[in-house]
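Accompanying notes for the structure given below.
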Amino acid sequence: MHQARFYSTGASSEVTCRLCPHSCRIEDGGKGKCRVRVNIGGLLFAAAYGYPVSMASDPIEKKPLYHFFPGREILSVGTAGCNLSCTFCQNHTISQSAVEDIPGPGYVAPLSVVTRAVSLPGNIGIAYTYNEPVVWYEYMYDIAVKARERGLKNVVVSNGYINRRPLAELLEIADAFNIDLKSFSDIFYRDVAGGSLAPVKSALKAIRKRGLHLEITHLVVTGLNDDERMFREMTGWLAGELGRDTVLHISRYFPSWRCDVPATPLPVMERFYNLAAGSLNYVYTGNMPPSPGGSDTRCAGCSRVVIRRSGYSTDAAGVDTNGNCRKCGTKIVVAG
Ligand code: SF4
């Protein structure tokens, strides 16, 4: 098994994991809250290292990233475990499991993942996704270093619940992030997601400060985080701290795992879309039939539709090869 990074030892065989803000104290033979970091004899091991449970080529729009190489494919990799425990998790079969509980292809070395990515025609890189990649940080990191050496892009799809030091190293090898901002309420994070809000805000600011591509997903869950005042506060913070060009994907909730409140009503999605569009230039809705303007990209400079989307089919004819609006030159996307 691969030894973990970011942990401290004490006088006994107990260890403290320093990878995410939970700071799990793990006794010999035990696992952290994420189920994939294991204390064996006073050393911490990354149990998911080398054991993907899912690997597939996906449209980049599926991550979702709408302003990063639109229309291209990316090899997507996930393992098991998560450091949060959202009651509505739509990937709970992998996120709330240990890696040994899920059948997979067996050991896949980081270089093998990269070799596969390089062999896929038109593939831009590797996305660390499906479950929370922070909990398999070492595997992600080792793949990402080799991927960059081969000219591939690294895309991290994460809840942003990570400590400062591992994040700082990740920022050196990542190219783009989609961060799932679950709520702007610390109580929601504590009671529904099993975490806290402040570290996620810090991660968002660090990614923005580093100048990496950043998009945000926010799932609106009926009765749990659909308070308009809080949503306004969140979008205002995004615009003020991260900038009006911050891309926001508002996603519709459907009952899943331990959460059986009804699906987000479509009028709520439309209202939230309109609220967000008052603060941010690029807002999209997901998991629902297209609403007016809900999945196309309009240039923030001249308002023309520059990218049209239908499902995962993308027509970026309004954007030039540098990623700028063909009519007014406004920067729209990161493009190859
Ligand atoms: S990464 Fe896992 S073991 Fe480490 S602190 Fe977070 S939940 Fe605990």
Side-chain angles (χ1 to χ4, degrees), residues 1-10 12-53 77-89 91-102 128-144 156-171 173-174 177 179-183 186 188-204 206-207 257-258:
M1 213 184 283
H2 193 93
Q3 195 172 154
R5 300 178 59 204
F6 308 109
Y7 73 98
S8 55
T9 54
S12 69
S13 55
E14 182 182 273
V15 304
T16 303
C17 180
R18 307 283 181 194
L19 178 55
C20 93
H22 285 307
S23 300
C24 295
R25 294 172 62 169
I26 310 169
E27 58 189 31
D28 191 3
K31 291 177 177 174
K33 185 178 163 70
C34 58
R35 298 179 171 84
V36 292
R37 301 177 79 78
V38 186
N39 179 345
I40 302 174
L43 298 175
L44 190 65
F45 290 88
Y49 190 106
Y51 291 96
V53 300
V77 184
T79 64
C82 188
N83 51 356
L84 297 184
S85 50
C86 308
T87 57
F88 47 81
C89 182
N91 287 335
H92 63 96
T93 52
I94 59 171
S95 74
Q96 303 303 314
S97 299
V99 74
E100 61 271 20
D101 297 334
I102 308 173
Y128 309 92
T129 179
Y130 300 138
N131 75 316
E132 176 50 53
V134 164
V135 304
W136 44 282
Y137 182 98
E138 295 81 1
Y139 189 41
M140 167 171 62
Y141 189 90
D142 288 357
I143 296 170
V156 181
V157 181
S158 170
N159 59 32
Y161 203 60
I162 181 171
N163 280 340
R164 224 171 273 249
R165 196 159 69 85
L167 177 61
E169 290 193 29
L170 187 58
L171 296 181
I173 47 153
F177 285 80
I179 297 292
D180 192 0
L181 179 57
K182 294 174 187 296
S183 168
D186 198 47
F188 177 97
Y189 263 93
R190 188 193 65 200
D191 293 351
V192 181
S196 56
L197 172 62
V200 183
K201 289 167 75 176
S202 297
L204 289 169
I207 296 165
W257 197 33
R258 294 175 172 163

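First listed ligand is number 1; within each ligand, the first listed atom is number 1. Since we're looking at a predicted model, the values are computed, not measured.
Asn39 and Tyr7 form no side-chain donor-acceptor contact under 3.5 Å, judged by distance and modelled atom types alone. Residues Ser196 and Tyr161 bring a donor and an acceptor atom of their side chains to less than 3.5 Å of each other. A donor and an acceptor atom, one from each side chain of Asn83 and Glu132, are nowhere located under 3.5 Å apart.
Contacts between Ser23 and ligand 1, counted as non-hydrogen atom pairs separated by less than 4.0 Å, involve the backbone only.
For atom 2 (Fe) of ligand 1, the set of protein N/O/S atoms nearer than 2.8 Å consists of Cys34 SG, ordered by chain and number.
A salt bridge between Glu14 and Arg25 is present, with a side-chain N of the basic residue lying under 4.0 Å from a carboxylate O of the acidic one.
By the 4.5 Å heavy-atom criterion applied to side chains, Asp142 and His2 are counted as neighbours.
Relative orientation of the Tyr49 and Tyr139 rings is tilted, given thresholds of 30° and 60° on the angle between their planes.
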